[in-house]
Visitor: 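Before I ask anything, let me first share the structure, which is written out below as structure tokens.
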Amino acid sequence: MSAEAAPDIAIIGAGIVGIAAAAHLAEAGLAVTVFDRSGVCEETSSGNAAAFAFSDVLPLAHKGMIAQVPKWLADPLGLLAIPPAYFPQLLPWLYRFWRAGAAANYESALAAQAGLMKFAEAAWAGLMARSGTRDMLREDGSLELYESEAEFQASLPGWAARDRFGIEYQHVAKDELPGLQAGLSPRFVRGTFVPGWKTVADPKLLGKAIWRYAEQCGAKFVQGDVALARRANDRIAIQLKQGRTFLARKVVIAAGAWSHLLAQQFGDRIPLETERGYNTTLPVGAFDVRRQLIFSRHSFVITPLSTGLRIGGAVELGGLKRPPNFARSQAMLQKAQDFLPGLDAANGREWMGYRPSLPDSLPVIGRARGRDNVFYAFGHGHLGLTQSAATGALIRDLVLGHAPAIDLSPFSAQRF
């Protein structure tokens with residue numbers, strides 16, 4: 001079967017990272033074609049918590065965290081779940097996660113994440129201005145809530161780490177909480193307000209708006225499930241399960257939680273795991289939430305969107321094949337009713353998505369092993385929306401042979 005016409009760049013994956021890369025590359029005058037089995041921002045990028053979490057610089061792995069895992073696993077609907085049958089398969093990833101929590105590894109990951117976040121904020125400001133999407137940005141800050149003085153005190157080292165990177169925050173006493181969010185349960189004794197935290201009106205709608213801009217710059221979309229990406233002389237052949245084959249001069253792999261399967265075809269074994277997240281989106285008017293509310297001890301957030309009220313988070317390390325366990329989203333919804341008395345929990349829409357997560361909390365941004373025409377842009381965990389514009393700009397610079405805005409060695413696929 002003959003191959004179809006070759007674009008300059010093929011991007012595998014039309015989630016927010018892939019389309020941000022498409023926008024940056026198309027702006028630069030390159031012929032870009034994006035491939036996805038579903039559509040633009042129809043899967044994991046459609047249901048995230050809508051945060052531009054530029055101050056969320058702390059790696060998930062830190063000293064002592066792995067010791068908490070047995071306690072977390074004792075609650076099957078708690079903040080972390082691992083299906084027992086999946087545990088043996090997950091052990092190598094958990095070992096890497098434990099190693100990432102060592103002091104030296106944690107510090108280097110923290111510095112790399114902070115640098116990427118600083119660039120991400122500037123990159124999103126620029127992309128929103130150029131794409132005309134600035135009106136979808138909400139700058140209301142976030143409010144993290146604590147149910148005990150001990151919980152608040154335990155959070156302080158993390159806030160102190162943010163001090164080193166100039167991240168602004170304000171600790172809030174109990175009597176100040178109603179001024180930031182009315183109607184909270186009296187169980188909350190302290191809070192931390194982060195004024196620089198931002199959200200978007202709706203992540204799916206933002207993603208589609210960025211794609212419209214990319215199309216205006218010349219990017220094209222092909223719906224199809226990529227079965228194989230392989231070298232074909234000086235090109236890359238993209239073979240779809242539907243039978244079509246395309247040739248491209250260069251390819252960007254931005255397929256989220258499926259990316260490591262494609263990376264294997266280019267010789268890179270990347271320990272990517274699927275951090276499955278759940279949420280329920282309630283209709284507009286379910287509760288007057290003024291800004292994103294963060295409940296770290298329970299590992300979920302509540303976000304006001306233009307399209308409803310989204311309640312979700314938690315972590316389930318369960319791979320790509322297991323069916324959703326919507327008891328997890330229901331458990332978070334029940335907690336939300338406890339935390340916001342009067343919340344109307346009727347007519348919610350449940351959702352589960354696949355966050356692509358690496359043990360050190362850093363994404364893979366860079367070239368494939370030994371190849372100058374294959375690029376990786378995946379593994380952002382729960383920060384894909386936040387870091388997508390920066391990743392797109394960095395991929396553009398690599399493709400064009402320009403010096404990247406930040407040091408990419410911490411994000412190399414070959415670091416593992």
Side-chain angles (χ1 to χ4, degrees), residues 44 56 58-110 112-113 158 253 255-278 296-300 312-329 331-332 352-366 368-369 376 378-384 410-416:
T44 300
D56 194 2
L58 303 183
L60 292 178
H62 56 76
K63 183 179 179 181
M65 174 172 273
I66 202 73
Q68 302 296 316
V69 170
K71 179 181 70 175
W72 292 335
L73 294 181
D75 180 1
L77 299 180
L79 60 88
L80 172 65
I82 301 173
Y86 193 70
F87 197 86
Q89 184 175 337
L90 187 64
L91 279 173
W93 190 94
L94 288 173
Y95 173 75
R96 291 179 182 273
F97 183 79
W98 171 69
R99 289 287 303 274
N105 296 333
Y106 176 86
E107 286 296 323
S108 60
L110 174 61
Q113 193 76 288
I253 296 176
W258 288 263
S259 297
H260 62 305
L261 304 176
L262 293 167
Q264 286 179 12
Q265 299 174 16
F266 296 102
D268 285 303
R269 292 192 167 273
I270 298 172
L272 185 145
E273 187 48 61
T274 306
E275 184 187 328
R276 293 148 52 107
Y278 292 83
S296 290
R297 189 167 77 86
H298 303 275
S299 191
F300 79 95
V315 173
E316 181 184 57
L317 296 171
L320 295 168
K321 298 180 180 178
R322 303 181 69 85
N325 176 15
F326 285 118
R328 294 184 63 72
S329 55
M332 287 183 282
M352 189 269 286
Y354 300 89
R355 309 183 192 104
S357 296
L358 292 162
D360 57 4
S361 299
L362 299 178
V364 168
I365 306 171
R369 184 182 305 273
Y376 297 147
F378 61 84
H380 298 77
H382 61 285
L383 297 170
F411 310 101
S412 168
Q414 291 76 52
R415 70 185 188 266
F416 299 107

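Heavy atoms only: backbone and side chains are in, while hydrogens, waters and symmetry mates are out.
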Visitor: Taking the side chain as every heavy atom from C-beta outward, state whether P59 and L110 have any atom pair closer than 4.5 Å.
Guide: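 Answer yes - side chains close enough.
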
Visitor: Under a 4.5 Å cut-off applied to non-hydrogen side-chain atoms, are E275 and E316 in contact?
Guide: no

Visitor: Give the minimum heavy-atom separation between A263 and I253, together with the two atoms involved.
Guide: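 For A263 and I253, the tightest heavy-atom pair comes out as N-CD1, 4.3 Å.
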
Visitor: Is any side-chain heavy atom of P359 closer than 4.5 Å to a side-chain heavy atom of W98?
Guide: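 Of all side-chain heavy-atom pairs linking W98 with P359, none is under 4.5 Å.
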
Visitor: Sequence neighbours left out, what passes side-chain contact (heavy atoms from CB on, under 4.5 Å) with Q89? Give chain and number order.
Guide: Y86

Visitor: Should L383 and D56 count as side-chain neighbours, where that means a heavy-atom distance under 4.5 Å?
Guide: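 A side-chain contact under 4.5 Å exists here.
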
Visitor: Extract all donor-acceptor atom pairs below 3.5 Å that involve side chains of residues 90-97 and protein atoms in other chains or at least two apart in sequence.
Guide:
residue, atom, partner, partner atom, Å
W93, NE1, P271, O, 3.3
W93, NE1, S357, O, 3.4
Y95, OH, R99, NH1, 3.2

Visitor: Just wondering, do F411 and Y376 contact through their side chains at under 4.5 Å, heavy atoms?
Guide: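 Contact flag for Y376/F411 side chains = no.
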
Visitor: Establish, from distance only, whether the side-chain atoms of H260 and D268 form a donor-acceptor pair under 3.5 Å.
Guide: no

Visitor: Strictly distance-based, threshold 3.5 Å: is any side-chain N or O of T274 a donor or acceptor partner for the main-chain N or O of R276?
Guide: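 Here the side-chain-to-backbone pair does not exist.
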
Visitor: State the OG-CD distance between S259 and Q264, to the nearest 0.5 angstrom.
Guide: 11.5 Å

Visitor: Can you name the nearest heavy-atom pair linking R355 to G381, along with the distance?
Guide: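 Looking at all heavy atoms of both residues, the shortest contact is CB-O, 3.6 Å.
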
Visitor: Start with the C-alpha gap between F378 and W258, add the side-chain angles, then the distance that decides, and say whether ring-ring contact (aromatic ring centres under 6.0 Å, His included) holds.
Guide: CA-CA 9 Å; F378 61 84; W258 288 263; over 10 Å; no

Visitor: Flag the pair L58 / Q113 as yes when at least one side-chain heavy-atom distance between them is below 4.5 Å, and no otherwise.
Guide: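 In short, these two side chains do not touch, never coming nearer than 4.5 Å.
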
Visitor: In Å, rounded to the nearest 0.5 Å, how long is the span from CZ of R415 to CD1 of I270?
Guide: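 Between R415 CZ and I270 CD1, I get 8.0 Å after rounding to 0.5 Å.
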
Visitor: Quick check: closest heavy atoms across A112 and P410, and the distance to 0.1 Å?
Guide: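 Minimum heavy-atom contact is CB-CB, 3.6 Å.
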
Visitor: Can you check whether F326's main-chain N or O pairs, donor with acceptor, with S329's side chain at less than 3.5 Å?
Guide: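 Pair found, side chain donor or acceptor close to backbone of F326.
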
Visitor: Closest heavy-atom contact between G318 and E273?
Guide: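 In terms of heavy atoms, the two residues are closest at N-OE2, 4.4 Å.
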
Visitor: Is it true that N325 and Y278 share a donor-acceptor pair across their side chains at a distance under 3.5 Å?
Guide: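 N325 and Y278 do not have a side-chain donor-acceptor pair below 3.5 Å.
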
Visitor: Which pair of non-hydrogen atoms, one from A81 and one from R328, has the smallest distance, and what is that distance?
Guide: CB-NH1, 3.2 Å

Visitor: Compare every heavy atom of A255 with every heavy atom of L262, then report the nearest pair and how far apart it is.
Guide: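 It is CD1-CB, 4.1 Å.
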
Visitor: Counting distance only, does the side-chain N/O of S361 pair as donor-acceptor with the main-chain N or O of L60 below 3.5 Å?
Guide: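 Answer holds: yes.
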
Visitor: Okay, side chain of R369, backbone of R269: is any donor-acceptor separation there less than 3.5 Å?
Guide: no

